[in-house]
Trainee: 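Got a structure here, written out as structure tokens. Questions coming.
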Amino acid sequence: FPTLAFFLWFLVGLTGYLRRMSTHDEGLPSYALVSGVCTAVMALIGGMLGTALGFVPRGALDPRDLQFLWALSALANSAFIAMSLAIFVFASAHSMRRHSSGGVWLVWLGYLTALGEAIMTFGVFYPSGMALNNAAASLVLGFGLFAIWTISVSVTLIAQGTRQLVGSIA
């Protein structure tokens, strides 16, 4: 729950910032907002499925039904989250590039993060391998790049907000 609440807070703050920085309605901030909400919904569904699996008593389900629930949980928590997250990060980075609201390095880090998330979606097409149930790939491509990008965007937004506040006081 707290992770989801902080992600939604970050999402609303970032898309509001992107809207303020654009000189015309490019649609990318709205695209980022919608894909970010889809990410939150997928995370909630994945969490519910995983929790449901934990509460199923041993032997209560047919093994095929249990395998089906596990597959839904694994896909929701990996490939499906990565799909909407790739769109969210790409739309945000591309909007930053269009109106120069983030450094070039931040934009390219966003593109790299979106690519990493896109690679993680391959779990939909391949039932095993790098993109599904691979802890190293998930840590680097799925979580690591996104965490670095999120922290970098947050620090950039806080720094720019502080500069604007100091400028308005002076």
Side-chain angles (χ1 to χ4, degrees), residues 1-49 72 74-126 130-132 137-170:
F1 167 74
T3 306
L4 189 59
F6 282 117
F7 175 74
L8 289 171
W9 187 7
F10 171 75
L11 171 67
V12 169
L14 176 59
T15 55
Y17 169 76
L18 294 174
R19 278 197 181 93
R20 283 191 310 275
M21 296 306 290
S22 65
T23 55
H24 63 285
D25 184 14
E26 60 190 1
L28 287 170
S30 296
Y31 194 42
L33 179 63
V34 169
S35 59
V37 169
C38 288
T39 300
V41 169
M42 272 299 121
L44 188 60
I45 290 170
M48 289 187 322
L49 287 169
L72 280 178
L75 287 170
N77 283 311
S78 60
F80 293 145
I81 285 179
M83 282 179 197
S84 54
L85 207 52
I87 296 167
F88 164 67
V89 173
F90 179 81
S92 299
H94 202 55
S95 183
M96 286 179 195
R97 185 193 64 78
R98 281 195 171 178
H99 47 74
S100 301
S101 61
V104 173
W105 67 273
L106 188 57
V107 170
W108 282 103
L109 179 59
Y111 289 153
L112 179 65
T113 301
L115 178 63
E117 294 296 338
I119 290 170
M120 292 308 299
T121 67
F122 292 164
V124 168
F125 306 108
Y126 305 104
M130 184 191 83
L132 188 65
S138 294
L139 185 62
V140 173
L141 297 176
F143 175 75
L145 285 173
F146 180 68
I148 292 167
W149 180 79
T150 302
I151 292 167
S152 300
V153 167
S154 299
V155 168
T156 300
L157 292 179
I158 290 169
Q160 288 182 356
T162 303
R163 280 193 297 261
Q164 289 174 352
L165 182 63
V166 169
S168 67
I169 294 173

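Everything numeric here is computed off the predicted structure, so don't read it as measured data.
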Trainee: Measuring from Tyr17:OH to Met96:CE, what's the distance to the nearest 0.5 Å?
Mentor: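 The OH atom of Tyr17 sits 7.0 Å away from the CE atom of Met96.
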Trainee: Side chains of Leu18 and His99: does their closest heavy-atom pair fall under 4.5 Å?
Mentor: yes
Trainee: Please round to the nearest 0.5 Å and tell me the distance separating atom CD of Glu117 and atom CH2 of Trp149.
Mentor: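 Between atom CD of Glu117 and atom CH2 of Trp149 there are 10.5 Å.
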Trainee: Report the C-alpha separation of Arg98 and Ser22 in whole Å, then their side-chain angles, then the decisive distance to 0.1 Å, and conclude whether the side chain to side chain contact (heavy atoms under 4.5 Å, CB included) test is met.
Mentor: CA-CA 8 Å; Arg98 281 195 171 178; Ser22 65; over 6 Å; no
Trainee: Return the set of residues passing side chain to side chain contact (heavy atoms under 4.5 Å, CB included) with Ile148 (not counting sequence neighbours), or none when no residue passes.
Mentor: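 Per chain and number, Ile148 pairs via side chain to side chain contact (heavy atoms under 4.5 Å, CB included) with Leu109, Ser152.
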Trainee: Which atom pair, heavy atoms only, marks the closest approach of Leu112 to Leu145?
Mentor: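 In terms of heavy atoms, the two residues are closest at O-CD1, 3.9 Å.
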Trainee: Using atom types as modelled, flag every donor-acceptor pair under 3.5 Å from a side chain in residues 28-39 to any protein atom, sequence neighbours excluded.
Mentor:
residue, atom, partner, partner atom, Å
Ser30, OG, Arg19, NH2, 2.9
Ser35, OG, Tyr31, O, 3.0
Ser35, OG, Ala32, O, 3.1
Ser35, OG, Phe88, N, 3.2
Thr39, OG1, Ser35, O, 2.9
Thr39, OG1, Ser84, OG, 2.8
Thr39, OG1, Leu85, N, 3.3

Trainee: List the atom pairs, donor and acceptor, that lie under 3.5 Å between side-chain atoms in residues 4-16 and the rest of the protein, sequence neighbours left out.
Mentor:
residue, atom, partner, partner atom, Å
Thr15, OG1, Leu11, O, 2.9
Thr15, OG1, Val12, O, 3.3

Trainee: Quick one: CD1 on Ile81 to CE on Met42, what's the gap to the nearest 0.5 Å?
Mentor: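 If we round to the nearest 0.5 Å, Ile81:CD1 and Met42:CE are 8.0 Å apart.
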Trainee: When rounded to the nearest 0.5 angstrom, what distance separates CG in Leu49 from CG in Leu72?
Mentor: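 Result: 6.0 Å between the selected atoms.
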Trainee: Give, for atom CZ of Phe80 and atom OG1 of Thr121, the distance between the pair rounded to the nearest 0.5 Å.
Mentor: 10.0 Å
Trainee: Please report the interatomic distance CZ(Phe143) to OG1(Thr150), rounded to the nearest 0.5 Å.
Mentor: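 So the CZ of Phe143 and the OG1 of Thr150 are separated by 8.5 Å.
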